[in-house]
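Values in this document were obtained by computation on a predicted structure and should not be read as measured data.
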2 protein chains.
Amino acid sequence: MPNNTNNFSLELNPNVSVDCVIFGFDLEQLTVLLIDRGEISSGFGPRLALPGNLIYDNENLDMAANRVLDELTGLKSIYLEQVGAFGDPDRIHKQSDQAWLKSIRAEPEARVITVAYYSLVPMSKYKPQASSFAKNAYWVPVSQINELAFDHYEILQAAKGKLKQKIKIQPIGFNLLPTKFTLSQLHRLYESILDKPLDKRNFRRKILKINILSSLREKQRGVPHKPSLLYEFNEEKYQELTQTGFDNFGF
Amino acid sequence: MPNNTNNFSLELNPNVSVDCVIFGFDLEQLTVLLIDRGEISSGFGPRLALPGNLIYDNENLDMAANRVLDELTGLKSIYLEQVGAFGDPDRIHKQSDQAWLKSIRAEPEARVITVAYYSLVPMSKYKPQASSFAKNAYWVPVSQINELAFDHYEILQAAKGKLKQKIKIQPIGFNLLPTKFTLSQLHRLYESILDKPLDKRNFRRKILKINILSSLREKQRGVPHKPSLLYEFNEEKYQELTQTGFDNFGF
DNA sequence: TTGGAAAGTGTAAAATTGACACAAAGATAT
DNA sequence: ATATCTTTGTGTCAATTTTACACTTTCCAA
């Protein structure tokens with residue numbers, strides 16, 4: 001084990017890791033990208049885990065989170081928020097398996113603090129199957145997750161909570177949708193995150209009133225029902241609003 | 001330097017520290033408890049810093065934050081929230097001075113991640129002057145702080161932001177006031193934290209409507225004007241409310 | 001007794017919320 | 001071509017909440 005009182009280097013810091021809760025939305029429900037640790041987890045707790053890794057001594061936390069995200073999905077400049085730090089002394093030991101930890105180059109017996117992030121990814125931009133890296137990554141609907149490795153279930157819950165808070169006060173949902181989307185999709189997204197039904201008409205009225213959406217002249221194609229108008233998030237309008245101290249995106 | 005791949009012990013973890021933003025309210029404005037590093041900081045950046053320390057390998061983060069708080073103020077079971085983790089590789093080196101770092105037993109050249117917490121303390125419960133420990137701790141009005149040691153100014157800003165968010169959705173302000181307080185004091189508190197004026201009558205109506213305050217039959221004494229009725233935060237009423245899924249403490 | 005200072009109180013207009021139902025558009029199957 | 005299916009898209013009214021605003025009361029001190 002390198003001691004890290006020396007020069008900055010490409011050494012992994014054995015005490016600090018980053019875990020990412022990568023949210024997606026399949027147009028029906030909220031999902032999370034999970035790693036299947038496979039047989040290596042050999043009976044020691046759940047196979048599924050959040051993607052994460054130790055940080056390098058020369059990168060800051062945000063960089064590390066972006067790196068983890070990039071290494072796994074190839075995606076850069078994705079919406080990313082810190083959830084917080086998690087660090088029971090025995091968080092790893094509880095349900096650990098040393099082979100797995102060694103495989104991600106963690107010291108199995110070291111005490112590790114993890115800093116959790118959540119990110120919002122348009123699911124269309126990352127299909128695990130197509131990726132050469134990390135073939136064992138899968139989108140899993142949040143509602144189907146009952147347990148995860150280590151303390152990752154707890155982290156997921158915290159991330160959901162933060163996301164819920166955040167979307168109540170900032171219009172970040174668009175990061176989970178394709179550039180062009182319908183109001184119904186946005187509606188379902190809000191319902192998934194807030195975990196409660198929202199009246200359709202009231203939702204539309206409210207979201208349109210905020211005036212950060214541009215309605216395109218384009219319609220959905222190929223749907224077996226009345227096609228919906230498509231909308232885009234309008235960054236400029238949003239910037240104007242925030243600069244005038246606007247604050248009420250409340251849901 | 002101990003390597004921490006060994007057994008759990010009372011060793012300090014050289015890579016992880018906890019810093020506390022301890023908020024108080026002097027009935028006029030929001031204040032923070034800061035440590036004057038004094039001459040030891042010998043020209044290397046600001047003298048004032050947030051109280052903090054490295055964590056022990058056998059304590060979790062919340063415990064560490066409580067410990068820092070307790071060691072400094074003698075206060076226990078205080079309202080405490082995590083702000084988040086901060087960890088530029090050079091966060092200490094930027095403006096550090098090694099003597100100071102050594103004095104708090106940090107490795108001057110180690111890369112340190114800090115996990116920041118904020119806490120709400122009734123100022124009356126802690127007078128730095130009266131304390132035997134840490135005579136160099138002072139309450140400083142938040143509005144007067146322009147710089148702090150290390151990355152502590154940044155941390156303070158983040159903590160203010162979190163507190164602002166939080167008080168909009170949960171009635172935690174009482175933690176900064178004496179048990180018995182007046183509505184005007186509460187009013188000023190909200191104005192300080194939200195950093196904007198609130199209409200007096202509207203504020204009173206709203207806060208009373210929520211129905212988590214008990215009005216005492218007691219009045220202020222010795223004030224050179226009409227004395228105010230005193231109120232208490234009513235924990236039971238609050239619990240009832242939250243259990244019924246009440247959610248709208250919005251300011 | 002008077003003056004100073006903050007406490008305490010009500011109302012009306014405007015904005016927002018919440019509840020609610022049916023016609024229109026396109027795709028598919030017959 | 002027609003009928004059927006599915007989802008889109010729309011308006012109103014009542015209730016509630018928000019905002020703006022000014023004067024009287026109470027106690028202390030001079």
Side-chain angles (χ1 to χ4, degrees), chain A residues 25-29 168-169 171 177-178 180-192 194 196-232 241 244-251, chain B residues 25-29 168-169 171 177-178 180-192 194 196-232 241 244-251:
Chain A
F25 181 64
D26 64 11
L27 302 188
E28 285 294 332
Q29 53 189 331
K168 283 182 185 173
I169 56 177
L177 292 172
K180 300 172 182 180
F181 53 86
T182 73
L183 289 187
S184 294
Q185 291 165 355
L186 191 59
H187 180 207
R188 270 177 245 126
L189 174 55
Y190 271 78
E191 288 187 324
S192 310
L194 298 178
K196 70 178 181 194
L198 300 172
D199 179 86
K200 181 170 62 163
R201 283 183 281 194
N202 295 340
F203 175 82
R204 288 168 162 255
R205 186 189 0 167
K206 192 158 180 172
I207 203 84
L208 289 174
K209 180 105 167 304
I210 296 174
N211 197 33
I212 48 173
L213 296 186
S214 300
S215 127
L216 306 176
R217 303 199 183 285
E218 198 177 342
K219 286 180 182 176
Q220 270 182 316
R221 306 267 317 167
V223 287
H225 57 261
K226 176 173 177 178
S228 173
L229 263 179
L230 292 171
Y231 289 80
E232 264 184 5
L241 267 190
T244 61
F246 185 82
D247 172 280
N248 181 19
F249 303 95
F251 276 92
Chain B
F25 180 64
D26 64 11
L27 303 188
E28 285 294 332
Q29 54 189 331
K168 283 182 185 172
I169 57 177
L177 291 172
K180 300 172 182 180
F181 53 86
T182 72
L183 289 187
S184 293
Q185 290 165 354
L186 191 59
H187 181 208
R188 270 176 244 127
L189 174 55
Y190 271 78
E191 288 187 325
S192 308
L194 298 177
K196 71 177 180 194
L198 300 173
D199 180 86
K200 180 169 61 161
R201 283 183 284 193
N202 295 341
F203 174 81
R204 288 170 161 253
R205 179 166 20 133
K206 192 158 181 173
I207 203 85
L208 288 176
K209 182 106 165 305
I210 296 175
N211 196 35
I212 48 172
L213 295 186
S214 300
S215 125
L216 305 176
R217 302 199 183 284
E218 199 179 340
K219 286 180 183 176
Q220 271 183 317
R221 306 268 315 168
V223 288
H225 56 262
K226 177 174 178 178
S228 174
L229 263 181
L230 292 172
Y231 289 80
E232 263 184 6
L241 268 189
T244 61
F246 185 82
D247 172 279
N248 179 19
F249 302 95
F251 277 91

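To the nearest angstrom, C1' of D:dA20 lies 17 Å from CZ of B:R204. Taking atom CG of residue A:L198 and atom P of nucleotide C:dT16, one finds them 18 Å apart after rounding to whole Å. Here the C1' atom of nucleotide C:dT11 and the CG atom of B:N202 are 11 Å apart, to the nearest Å. Rounded to a whole Å, the CG atom of A:L208 is 9 Å from the P atom of D:dT10. Nucleotide C:dT9 holds its C1' atom 16 Å from the CZ atom of B:F203, rounded to whole Å. As a whole-Å value, the separation of B:D199 CG from C:dG8 P is 15 Å. Rounding to whole angstrom units, CZ of residue B:F249 and C1' of D:dT17 are separated by 17 Å.
Residue A:R205 has its side chain nearest to D:dT12 when only C:dA7, D:dT12, D:dT10 are considered.
With hydrogens and angles disregarded, a donor-acceptor distance shorter than 3.5 Å links the side chain of B:E191 to the backbone of B:L198.
Residues meeting the ring pair (Phe, Tyr, Trp, His ring centres under 6.0 Å) test with B:F181, sequence neighbours left out: B:F174.
Where A:K209 and B:Q220 meet DNA chain C, the nucleotide closest to each residue was compared, and B:Q220 sits on the side nearer the 5' end.
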Where protein sits on nucleotides 21-30 of chain C, one letter per nucleotide: B base, S sugar-phosphate only, - none, heavy atoms under 4.0 Å: B--BBBS---
